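Here the structure is laid out as structure tokens; the discussion comes afterwards.
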There are 2 protein chains.
Amino acid sequence: MKMDERKQKVLMAVVQDFIATAEPVGSRTIAKKYRLGVSPATIRNEMADLEEQGYIEQPHTSAGRIPSQLGYRYYVDYLMQKKELSAEQEELIRRQFEKKVRDVGEVIQKAGQLLSHLTQYASIIISPQLGAGSFKHIQLILMRPSQAMVIVVMDNGSLHHRYIEVPESITTADMETISGVLNAKLQGLTIESIKVTLLKEIYFELARHKHILDLALELLHDLMLKKEDKIYLGGVFNMLNQPEFHNIEKVKTLLSIIEQEDLLRELLTNQGSGEGVTVRIGDEIKHREIRECSMITAPYSICGRQAGSIGVLGPTRMEYAKVVSIVESMTRNLSRAMERMILGPGK
Amino acid sequence: MKMDERKQKVLMAVVQDFIATAEPVGSRTIAKKYRLGVSPATIRNEMADLEEQGYIEQPHTSAGRIPSQLGYRYYVDYLMQKKELSAEQEELIRRQFEKKVRDVGEVIQKAGQLLSHLTQYASIIISPQLGAGSFKHIQLILMRPSQAMVIVVMDNGSLHHRYIEVPESITTADMETISGVLNAKLQGLTIESIKVTLLKEIYFELARHKHILDLALELLHDLMLKKEDKIYLGGVFNMLNQPEFHNIEKVKTLLSIIEQEDLLRELLTNQGSGEGVTVRIGDEIKHREIRECSMITAPYSICGRQAGSIGVLGPTRMEYAKVVSIVESMTRNLSRAMERMILGPGK
DNA sequence: GTTAGCACTCTATGTTGCTGAGTGCTAATG
DNA sequence: CATTAGCACTCAGCAACATAGAGTGCTAAC
């Protein structure tokens, strides 16, 4: 993997120029635009070497070179220098996150829009998985004879509900009783920490309402298993501006992938390092349908706990330097916005 | 608008054949395939007439004819005969709606997937706008010092929440008191019917907590204005199989439209008749970006009250007969499923 | 080691000509 | 008088061909 400085410069030129123009890059272009102080012929020699080592390739004999996946990887790992966001972009992000929003979904939606706007690629964001947390409040409400609603509020601010069927004889007062007992017994506990003995106690106290308890506790049980996450997607049509998607077939595969939520979730969840920005190039994304795409993802956290991830999906010919900075900045801001929302603006 | 029978048959042949093949239809084709018992020459004469009257057009001199918007309109209004769903399709729908689902969002999501699967076009569904309804339950919960959550349950089963800031001095007991008073005073009322005198009463009783009341009542107020609806979209990539979208530019406009939720909402809400299936062809959809598309929409209802709409978006060359039947059946089933979910399976 | 020069390769683009589908018109037909 | 056969005409689409130009690799000179 050792590479003398000039080779690095040539590789860098190839990658940067190809990212900018989407056209194979020739030796003349590099000599002229990137002022390496040597002639095209020399560059041709270097390029021949680089090709041999697998960093660049030639689409056909009389064309310039384009970076291979290996080439992009080398660029991202060793050559690329982070591009600071412009003041304008910083401002845009800052103002976006200052806006008043009502719920987590809205924050994320807006963040996604901004992310795809700034990068001009598709954005994918996964909403926070807060973990179940502990019970804050449980409420049963009789909606009409024989139908009720169970509401559970967790201390992390998440809210869950379910409709259940109850015997016709049940009254609003019964509901209050049940809610009262459940609240008293369960408050502050996490789902995992509910003991059988405690359950027995509850069933004993509310023996008359065994049926309702079963249903209510079923909701609690589901909470443990439930994937609360949602996938937010934006700016897919940006991708169509990229020349690599002028071919309909590619657009079709792209779209069919993008409509599969489960796949997106997997792509966003199985991140490499688990911390900081991850760049995956082409095949490094394990799904063969999206070779020719790269993903830049990063987890965001709430109060130090990893909560969800944001990501950008674009062609392998992606503006890595720019996107990495944007993703970084967005995670920071998003984390902050979430914390403010959940903990209150005090801190 | 009078048209003799043979002309109608010719027009019908042109429309049907073009819908099936996406190729301009010639006189020979019609004579051969549609057995009108006359020669191509006669059909040519009829076609010339139809063109003069604006029902069909010729892309270029040496090509067959394609239906104009007017032609499609005539076809939909007078010629098309509804195509019954196949047993298989019926079965698919029935089974889909039998599945157990947890919430309204899930029903809709599944319905959208099915709709786009059956039609092979894009599906758009707007979630129920139930109207505000009347209060069933209001609950304030202290999440941590100085932060609380307001939960409001309406009698139509909808659930709303908001985080608010409260003075540090507030205790859980205070919250219970406030909840209690609000419940007692507001239960059963609609938002509109809250009188100033009643508010005064509440403020009087809870004078100490004026600040919290303000915030809680703000949520109630927002409920009146709030658009609760969500847009669900599916099967966009089906559209790419249609030859009219082999052109990237068109795909791009299509996608950029589809990413604008507000626009979709408008398209789905401003329906013509307001009842039953509406077919809008090309320019009849008022947005110039989607000329060359048609929409088939229908409202679904819950307990007789119109709740939301479902729609199919496809090229003007759409299989109207088929899609109309599918949309009809889907609204029926969706309405039923929603009612079952909200009222409980009893009825 | 670097570079100028040159022959070579191959894509992209433009030109031309042909084919075939489809038309409109005219004159013949029942 | 509506219908139809026949025919000349039009034009998109395709294939065959020629051309231009970008870029290469090699060789020989610096």
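Chain letters run A, B, ... following the sequence lines, proteins first, then strands; residues in each count from 1. None of these values were measured; they are calculated from a predicted model.
Between B:His60 and B:Ala41, the residue whose closest nucleotide on DNA chain D is further toward the 5' end is B:Ala41. With DNA chain C read from its 5' end, the first of the two nearest nucleotides for B:Gly64 and B:Asn45 is the one closest to B:Gly64.
In plain terms, the two heavy atoms of B:Glu57 and B:Glu51 that are nearest each other are CA-OE2, 4.2 Å. Across B:Met47 and B:Val25, no two heavy atoms sit closer than the pair CE-O, 3.4 Å.
Tested against A:Leu264 for a side chain to side chain contact (heavy atoms under 4.5 Å, CB included), the candidates A:Leu233, A:Thr269, A:Ile125, A:Ile126 yield a single pass: A:Leu233.
Separating the CE atom of A:Met47 from the P atom of D:dA22 is a distance of 16 Å, rounded to the nearest angstrom. In this structure, CD1 of A:Ile56 is placed 14 Å from P of D:dG23, rounded to the nearest angstrom. Distance CZ (B:Arg44) to C1' (D:dT10): 14 Å, rounded to an integer number of Å. Atoms NZ (B:Lys7) and P (D:dA2) sit 11 Å apart, rounded to a whole Å.
The aromatic rings of A:Tyr72 and A:Tyr320 lie tilted to each other, with the angle between the two planes from 30° to 60°.
Residue B:Thr61 places at least one side-chain N or O under 4.0 Å from the OP1 or OP2 atom of D:dC11.
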Name the pairs: protein N/O against N/O of nucleotides 15-21 of chain D, kept only if under 3.5 Å.
none

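When atom types are taken as modelled, the side chain of A:Glu259 and the backbone of B:Gly235 share a donor-acceptor pair closer than 3.5 angstrom. A side-chain donor-acceptor contact under 3.5 Å links A:Ser123 to the backbone of A:Gly112.
For DNA chain C, the span of nucleotides reached by chain B at under 4.0 Å from its heavy atoms goes, 5' to 3', from C:dA21 to C:dG24.
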